[in-house]
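The next block holds one structure in the form of structure tokens; read it before the comments.
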Amino acid sequence: MKDTEGYVTADGRKIGGVVMEMKNITLRFGGVVAIKDISFDIREGEIRAIIGPNGAGKSSMLNVISGFYVPQEGEVWFRGAPRPPVKPYEVARQGIARTFQNIALFEGMTVLDNVMTGRLTQMNQNILTQAIWKGKAEAEEVANREIAEKIIDFLEIQSIRKTPVSRLPYGLKKRVELARALAAEPKLLLLDEPMAGMNVEEKEDMSRFILDVNDEFGTTIALIEHDMGVVMDLSDRVVVMDYGKKIGDGTPDEVRTNQDVIDAYLGVAHD
Amino acid sequence: MPEQLVFAMEVTLNGLMAGVLYALVALGFVLIFKASGIFNFAQGVMALFAAMTLVGIMDGQVPFSHLINATFGTDIHHFGWHVPALLAIILTTGVMVGLAWCVQQFVMRHLVNQAPIILFMATIGLAYFLEGLSDLMWGSEIKNLDVGLPQGINIWIDEATFNIFGYGFFIDNLDIVATVIAALLVVSLMAFSQYTKEGRAMRAVADDHQAALSVGISLNFIWVLVWSLAGFVALVAGIMWGTKSGVQFSLSLIALKALPVLMLGGFTSIPGAIVGGLIIGVGEQLFEFAIGAPYFGGATQNWFAYVLALVFLVFRPQGLFGERIIERV
Ligand SMILES: Nc1ncnc2c1ncn2[C@@H]1O[C@H](COP(=O)(O)OP(=O)(O)OP(=O)(O)O)[C@@H](O)[C@H]1O
Ligand SMILES: [Mg+2]
């Protein structure tokens, strides 16, 4: 799989070269080793899942990719070059959007306003030009507003556009968070347990959205998920983590039959 | 109309005008508190520093002249020019932006994720540092500030009220101008936060830091921005207070009057700061007029605001407009 050409999936989607590569990443919190010497890559256009038992280090890995955590060892390669230490907001500006396991929305804002913040990376006007060139700023606002509305339609949340996020149930909040991430028109989308706490119907909706995003916009997606059925359905390739180590990497079928993976999942109490 | 009522009206109007100033200082507090959770004890001293700098620039004073003269044995005090008010205000705004950058770069940046009390202590340190810096840069004598704002009794109101009530109200022109400027300032700030990209980013940071980072907002930039805005608000407050009673070190004490305003209005609400300021301004004047002077022997303005705030704290701790504080269990 090390070729730059990519591969073609069973359902005929073309997967491109490597966009993001983790090389020997080690991340420690004091005495706790959250990630132990892990390497893997993410290819253009694929849906890459990260799975593993609780506390395996999955979220930590996503946080390393998005710049929230800085690993003590190892390199993150982005678009074929090692990435210097970056702040999370710089990562966002490079076209990498994310959602959080515990949902981080702007609770005091409406759904539409939340989605509009996702457009911030795409806005070019600055303080001065906005004051001097009011027309241009307004045109930009209108254009961004249109894109935000499109994404809201796409995720079927039109009816709550003007609702303050704090009033929404958990499942819808997850969806709004996805909408905000999509508003940035990311090249790479990182989703930390997008379906956690959802009922079956909500999970089906979310799965469909994730597939559609990948399909229609060609967005590369890395996602963490506990529900094995969902993972097997959605993902092209899977990384399996346990106690900070990588214990498996491959297609869903390869991973499912991997003995280490089976042991990890049977040996550890799991929700 | 009974005479007492007419007097009370005049007192109320004057109280409103005083309240505008409290509101402005409180507004500076709110801007920083909302975006960073920092209670900026130095807001009052920033007003002093801004006013001192403005006077210094207008008069062509050489900054740090005492220090320079003592070190090099020179005897320079003035550049020998005068800077027009408007240009001086622009330059001072630049200085306040520079100050904001320094505060963020050299102090606050290193204290991210510290407990609120630590941040508060840092701003106390900043307050005394700024007070010393003002002294060192511009000297400690009381200075006159005149940027060309009209002053003195408003004849028109005097005559109009005389015709209606048979008693002419004394309303200072400066107070009227101050009110108009403060209103404009608040409206522009609101528009800024609602309709500009940076304003949206500012609201985002006020709401959730992590989420703000994830949509590409630099917290550092926003913090410099809010300290700059607070610095500008301090400049406006400094100009008004300085024009009224001269630029002197007691100016930094208006920060203390902003405290009860914040308790009333809530620490996170811009409209709250305005309404709170006006209530305190009117309240303390009316109380002094109706109860303080006749029954307490006067000077109740010194403590009335705090007592009012205390009563408020007991019954509505989040203030008039502040977000409800609900403990999660
Ligand atoms: N900010 C932090 N400070 C200290 N320790 C942390 C921090 N973040 C994660 N850890 C530790 O790192 C380890 C991995 O945590 P992580 O959240 O990455 O696991 P996870 O695989 O996402 O688990 P879950 O399925 O429960 O979300 C855990 O032991 C956790 O306690
Ligand atoms: Mg996790």
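Chain A is the first sequence line, chain B the second, and so forth, proteins listed ahead of strands; every chain is numbered from 1. Predicted, not measured: the structure shown is a model, and the values here were computed from it.
Of residues 81-116 of chain A, those residues with a non-hydrogen atom less than 4.5 Å from any non-hydrogen atom of chain B are, in numerical order, A:Pro88, A:Tyr89, A:Ala92, A:Arg93, A:Arg98, A:Phe100, A:Ala104, A:Leu105, A:Phe106, A:Glu107, A:Gly108, A:Met109, A:Asp113, A:Met116. Taking non-hydrogen atoms and a 4.5 Å limit, the residue list of residues 201-218 of chain B in contact with chain A, ordered by number, reads B:Ala201, B:Arg203, B:Ala204, B:Asp207, B:Asp208, B:Gln210, B:Ala211, B:Ala212, B:Leu213, B:Ser214, B:Val215, B:Gly216, B:Ile217, B:Ser218. Against chain B, the residues from residues 163-189 of chain A that qualify, each with a non-hydrogen atom under 4.5 angstrom away, are A:Arg180 in number order.
The shortest distance between side-chain heavy atoms of B:Arg200 and A:Met123 falls below 4.5 Å.
Here the NZ-OG1 distance, from B:Lys197 to A:Thr117, works out to 13.0 Å after rounding to the nearest 0.5 Å.
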Do any side-chain atoms of residues 222-240 of chain B form donor-acceptor pairs under 3.5 angstrom with protein atoms, and if so which ones, sequence neighbours left out?
| from | atom 1 | to | atom 2 | distance (Å) |
| --- | --- | --- | --- | --- |
| B:Trp223 | NE1 | B:Ala35 | O | 3.0 |
| B:Ser228 | OG | B:Val224 | O | 2.7 |

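Counting heavy atoms of neighbouring residues, nucleotides and ligands inside a 6.0 Å radius, atom OH of B:Tyr195 does not exceed 12 of them.
Neither the backbone nor the side chain of A:Ser66 has a heavy atom closer than 4.5 Å to any heavy atom of chain B.
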